[in-house]
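Report on the structure given below.
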Amino acid sequence: MTAVGGAVIDAVPPAVKDWAIALFGTADKMALLTGMVLVIAALAALAGVVEQRRRFAGVGVIAVFALAGLAAVLTRAQVTPNAIAVPFVAALVGMVLLRLLIRRLQAWNTSPSDGDGADVGEADAGGTRANRTEGGDPPARRAFLQVFAAGAAVTAVGGVLAAVWRGAAAGINEARERLRLPAAQSAAPAIPAGAEVRLDGMQPLITPNRDFYRIDTALSVPALDPGSWALRVTGMVDREIELTFAELLAKPLTERHITIACVSNEVGGDLIGNARWLGWPVRELLALAGPKSGADMVLSRSSDGWTAGTPLEVLTDNRDALLAVGMNGEPLPLEHGFPVRLVVPGLYGYVSATKWLTELKVTTFANDTAYWTPRGWSARGPIKTSSRIDVPRSGRPVTAGSVMFGGVAWAQHTGIGRVELRVNRGPWQAAELAPGISLDTWYQWKLGIDLTPGQYEVQVRATDLDGEPQDEERRPVAPDGATGFHTIRVDVKP
Ligand SMILES: Nc1nc2c(c(=O)[nH]1)N[C@H]1C(S)=C(S)[C@@H](COP(=O)(O)O)O[C@H]1N2
Ligand SMILES: [Mo]
């Protein structure tokens, strides 16, 4: 089912831009899954109905659906024996169940007076009794049983799929729990005193793993075995390289705080987080491979075939672009790319932060296209300087007097120079900027403003360390990131 979903996602025509945009979000994944469950339920019901009319017709419906599932699995990049077996097993279970239930139903229909319904449960027994009191042919009961048969078939199919995936994920979770990451050779710089502004309602400076936003196209989280994981460096290189997880852990590792953000983050949104990442600098791996002249892009690929295109220059300059294995002192959580992902300071996730990483292909922007590029998103995605007001919460009333404002600002890899607020489009007032952990992380800020009772509009603006203010013009997230000032309404009570 997830393979079908994945194929659906991939098949979205690039022209259907809004669709693709929506899929950056996580809630839409639920909508897609719900839609698929409904389709499967409808198909199962259809199988039940036609099987009743004609023997094996319903079995045929299931077979066609299973073949569609198989086709979907085979067109996915990650074809595992399990994934191929799933449609077969599910179809077989569905067919056997359907035949059994239809036989039971037909036996009933030919002798309506026999059978007490005890072996099909409470609800069915009730239904049977009700029909019997009406006497004659029980179409209501038949319809009920058809739905029951269909429901059972759906449950069987869904159950097999879920069990196969859960079994795999549980094993990998155990492997992750057992894993002990080595200490960093180059430790993360200490967090400066005062970097964390302690105001009620502020987000923590370091985002805990469980609260870290999650964005990807994966309907089920890939469960990769670190024991068999390998990263291949291919394409325009002097030497192709294959690196195992053990080899990666044996490298001198670097630990850094880096704030990553999603291109779909709206102004004021929460698709951004700051973590302490442990990994090996990508530039060192690329240096071993030796990129050929003319190459200008690295196409990174995940186990499920998703790709990001990152400028080669960004991965080879002095910034700490990492092949990350650790997040806030633990192995990467499965949802955040276990066992290995990319983390690149200064670029949106869709062009850099490949989770469940399996390949780095050195290539060119002219010859290769990453996943989101034909779907309405820019091939290049540097993070735009931005800022957010977290305190007070928009629309939450506050008391007149000195009202405390607080929030974050980021200009990854350049650093924040200043943050200002303005009330009702008045003059900009400088906020108190806390020291940043590094140029690659967000900074926190706060400012008390005296306000008398009334309604106010408050805006925030960040300026980077090069003196570039953030863009005032309101632009949507597509094609390369939203701009505009985060604006909140404040209701000041006497
Ligand atoms: N394999 C894979 N990696 C991916 C994606 C994806 O869809 N598949 N999405 C990217 C996007 S758009 C973002 S914003 C970041 C989000 O990383 P996170 O979920 O760890 O916050 O992952 C990136 N890496
Ligand atoms: Mo993203």
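The shown structure was predicted, so the numbers you read here are calculated from the model rather than taken from an experiment. Index from 1, following the sequence. We count ligands from 1, going down the list as the structure has it; atoms in each ligand are counted the same way.
Close contacts of ligand 1 with T354, meaning ligand atoms under 4.0 Å from a residue heavy atom, involve 3 (N), 24 (N). Taking every heavy atom of C262 and a limit of under 4.0 angstrom, the matching atoms of ligand 1 come to 14 (S). Atoms of ligand 1 lying under 4.0 Å from at least one heavy atom of S302, given by number and element, are 1 (N). Applying the 4.0 Å criterion to heavy atoms of F212 picks out, from ligand 1, the atoms 21 (O). Remark: ligand 1 atoms within the under-4.0 Å shell around heavy atoms of Y350 are 11 (C), 12 (S).
Judged by the 6.0 Å distance and 45° axis criteria, R210 is not positioned over the aromatic ring of F212. With a 6.0 Å cutoff to the six-membered ring centre and a 45° limit on the axis angle, R474 does not count as a cation-pi contact of F485. For the pair R461 and W428, the cation-pi test (distance below 6.0 Å, angle within 45°) is passed.
Checked against a 3.5 angstrom limit, the closest N/O atoms of W372 and ligand 1 fall outside it. Inclusion of G349 in the set of residues having an N or O under 3.5 Å from an N or O of ligand 1 is not warranted. In terms of polar-atom proximity, defined here as any N/O pair under 3.5 Å, W356 makes no such contact with ligand 1. The shortest N or O to N or O distance between I215 and ligand 1 is under 3.5 Å. Taking any N or O of R214, backbone or side chain, none lies under 3.5 Å from an N or O belonging to ligand 1.
Residues Q470 and T463 have side chains that never bring a donor and an acceptor to within less than 3.5 angstrom of each other.
Between W372 and W377, the ring-plane angle classifies as perpendicular under the 30° and 60° cut-offs.
Of the options L347, D216, N209, the smallest heavy-atom separation from atom 6 (C) of ligand 1 is shown by D216.
Proximity of Y348 to ligand 1, defined as any heavy-atom pair under 4.0 Å, is not found for any part of the residue. Here Y213 has heavy atoms under 4.0 Å from ligand 1 in both its backbone and its side chain.
The existence of a salt bridge linking K361 and D368 is confirmed by a sub-4.0 Å separation between a basic side-chain nitrogen and an acidic carboxylate oxygen.
Side chain of T483 to main chain of E473: a donor-acceptor pair is present (N/O by atom type, distance under 3.5 Å, no hydrogens or angles). Within the 3.5 Å criterion, the main-chain N or O of L271 finds a donor-acceptor partner in the side chain of N265.
Taking the six-membered ring for Trp and the full ring otherwise, the centers of W280 and F245 sit at least 6.0 Å from each other.
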